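For reference, the structure discussed in these notes is given below.
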Amino acid sequence: MDRRALEYFRTVARLGSVSAAAQHMSVTQPAVSKQISRMEAELAMKLFHRTPSGMAMTAAGEALYELGGDVLTRFERAEGTLRARFSAKPAFRVACPPTTAYVLLAPFMVDVDPPIVDLTMVPAPDVDATLEREADLAISTLLPPPHRRHVVVGSLPVNVYGSPQAMEDRYGNATIGDLERLTDDLILVPVTGVHVVFDEAAAGITPPFRIRNVAMGFVGQALAANNHGFALATEKESFGLRGLPAYAAGRPLRTKLYASWDPQHYAAAELRTLALGFRRWLSSTPPWGTSSPSDLNTEVEN
């Protein structure tokens, strides 16, 4: 069984049809059928049931599909490591939320030309899972699980946003956004590191806040623009909103930005170097208030 045959097999399994797989991979249908038949002969087992509606995997096919994904990922990571070490060509895929991709990583790629070949954009809670499938490095405001290596690459201020009239009504000419003033209002909180720091800060405040979770800070801002509540976000103000630094119990809310990777990755050392390069770039080219190096507590690395 070779790599190309495994790719054919997984494409047929995913699309449920030899003809669809051939079209997707820009080869002839007989070429795909030949590879599948050869694999079945080599393994001495059926991988598909041929049905009128298409190709359905057997139990053996399902097992190969799962194992094959890991094999192909390892192929890609090995190739990426070699390119990164010896040819200086872009090699790594980075998973991150959409806002992080647009506002931070894409400009970093333009300025530095790091060894990044693509960005995989997923919601913050799903970023870590992509390290098991299609990404080499993850960037997120959510603390990575203990089995990952990680480094803190930035610290983002959290702001509270509302329509100009709503902010005037709650804060007047204040220069900080005390969240205690919003206990009668709905607060729109993204399911990111912002939610984590908000929960910690709000734990001792009574009465409890009314919150609604949103996918990202821009979504919260869009809702706040129509007076559906006050949005917490690390993103720059949009939609004509007014923003203030968010405070709770007299302290500003900030969320860390983490870069994480699998410690068993073939290129773990190179990924750490990439993460530290991103941190240096953030410290010298901050977007809207990321921290300077002295604020990052660079010892926070596992």
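Note that this is a predicted model, so its numbers are computed, not measured.
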Counting distance only, does the side-chain N/O of R279 pair as donor-acceptor with the main-chain N or O of G154 below 3.5 Å?
no
Going by the salt bridge (Lys or Arg N to Asp or Glu O under 4.0 Å) test, which pairs reach into residues 5-32, not counting sequence neighbours?
R3-E7, R4-E7
Residues pairing under side chain to side chain donor-acceptor pair (under 3.5 Å) where one sits in residues 172-192, two or more places apart or in two chains, turn out to be R170-D185
Under 3.5 Å, which donor-acceptor pairs link side chains of residues 207-230 to any protein atom two or more places apart or in another chain?
residue: N213; atom: OD1; partner: H195; partner atom: NE2; Å: 2.9
residue: Q221; atom: OE1; partner: S238; partner atom: N; Å: 2.8
residue: Q221; atom: NE2; partner: K236; partner atom: O; Å: 3.2
residue: N227; atom: OD1; partner: S163; partner atom: OG; Å: 2.8

Checking R280 now: which residues fulfil salt bridge (Lys or Arg N to Asp or Glu O under 4.0 Å) with it, not counting sequence neighbours?
none
Which residues pass the ring pair (Phe, Tyr, Trp, His ring centres under 6.0 Å) test with F9, not counting sequence neighbours?
F48
Side chain proximity check, V94 to I139, heavy atoms < 4.5 angstrom
yes
Do V160 and L182 come within less than 4.5 Å of each other through their side chains, counting heavy atoms only?
yes
Do the non-hydrogen side-chain atoms of P145 and D128 ever get within less than 4.5 Å of each other?
yes
The reported gap from CG in L253 to CG in L156 (rounded to nearest 0.5 angstrom) is 12.5 Å
Going by side chain to side chain donor-acceptor pair (under 3.5 Å), name the pairs with one or both residues in residues 44-65, residues two or more places apart or in two chains.
E40-R50, T51-S53
Give a yes or no answer on whether the side chain of R148 reaches the backbone of W261 with a donor-acceptor pair at less than 3.5 Å.
no
Checking D169 now: which residues fulfil side chain to side chain donor-acceptor pair (under 3.5 Å) with it, not counting sequence neighbours?
Q165
Each residue besides V127 in its hydrophobic cluster should be listed here, by chain and number; the cluster joins Ile, Leu, Val, Met, Phe, Trp and Tyr at side-chain heavy-atom distances under 4.5 Å.
V122
What ring-ring contact (aromatic ring centres under 6.0 Å, His included) pairs are there with at least one residue in residues 103-128, not counting sequence neighbours?
F108-F278, F108-W281
Distance-only check: which donor-acceptor pairs under 3.5 Å involve side-chain atoms of residues 242-251, not counting sequence neighbours?
residue: R242; atom: NH1; partner: G172; partner atom: O; Å: 3.3
residue: R242; atom: NH2; partner: G172; partner atom: O; Å: 2.9

Could you list the cluster mates of L142? Members are the ILVMFWY residues connected by side-chain heavy atoms closer than 4.5 Å, either directly or through other members.
V196
List for me each residue that meets side chain to side chain donor-acceptor pair (under 3.5 Å) alongside Q264, sequence neighbours excluded, and say none if there are none.
none
Using a 4.5 Å cut-off on heavy atoms from C-beta on, say whether the side chain of L257 contacts that of S155.
no
